[in-house]
Amino acid sequence: MSIATITKPMTFIARTTDVEPGCALQVNLGGRPPLALVRLDNEFFVINDTCTHGEASLSDGEIIDGDIECPFHSGCFDIRTGAVTAFPCAKALTVYPVKVEDEQVFAALDAGSCADTPA
């Protein structure tokens, strides 16, 4: 989804320096489930932090070749799309459009998409 087509409000998530390359940071915003800010090199992604297979925090998992691995049962998700890439997970994660501006990461939390949902 192109950021140019997003008309939803953008919410501040964190500063770019808050998360190291190849790592994830749990972000808690009032009134919603936790999010994970993931940094792959100099790209930033915002996904739901809770594994769809169990109540594990994905920000505690390993990042391997563009996937994030659940620390409970080793199921994996594609960080860019939220698609399931390894069993036992079966339901995709929601991924949110991101904008980086002045070393701050913003996400359109009302415009999330899920690989399981037909376009």
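Position 1 is the first residue of the sequence; numbering continues from there. None of these values were measured; they are calculated from a predicted model.
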What pair of heavy atoms forms the shortest contact from A24 to V38, and how long is it?
-> CB-CG2, 4.0 Å
Distance-minimising heavy-atom pair for C89 and G75 |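 The pair with the smallest heavy-atom distance is SG-CA, 3.6 Å.
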Considering residues at least two apart in sequence or located in another chain, which fulfil the side-chain hydrogen bond (donor to acceptor under 3.5 Å, both in side chains) criterion with N28?
->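 Here the qualifying residues are Q26.
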So do the side chains of [X] and [Y] get within less than 4.5 Å of each other, counting heavy atoms only?
X	Y	value
L58	C70	yes
L109	L29	yes
L37	D18	no

Please step through side chain to side chain contact (heavy atoms under 4.5 Å, CB included) for the pair F77 and I47, ending with a clear verdict.
-> CA-CA 10 Å; F77 302 90; I47 60 176; over 6 Å; no
Should the heavy atoms of other residues, nucleotides or ligands under 6.0 Å from CZ of F12 be counted, would the total exceed 12?
-> yes
Name all residues meeting the side chain to side chain contact (heavy atoms under 4.5 Å, CB included) criterion together with S74; count only those two or more places apart in sequence or in a different chain, and write none if there are none.
->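 If we apply the side chain to side chain contact (heavy atoms under 4.5 Å, CB included) test to S74, skipping adjacent residues, the hits are E69.
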Pairs satisfying salt bridge (Lys or Arg N to Asp or Glu O under 4.0 Å), at least one member in residues 36-64, at least two apart | E43-R80
Per the side chain to side chain contact (heavy atoms under 4.5 Å, CB included) rule, which among V100, D102, N42 passes with T16?
->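 Testing each of V100, D102, N42 against T16, the sole residue satisfying side chain to side chain contact (heavy atoms under 4.5 Å, CB included) is V100.
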Answer with yes or no whether the side chains of Y96 and D110 bring together a donor and an acceptor at under 3.5 Å.
->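 Per modelled atom types, D110 and Y96 side chains form no pair under 3.5 Å.
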Hey, is the main chain of G112 close enough, under 3.5 Å, to the side chain of T94 for a donor-acceptor pair?
-> no
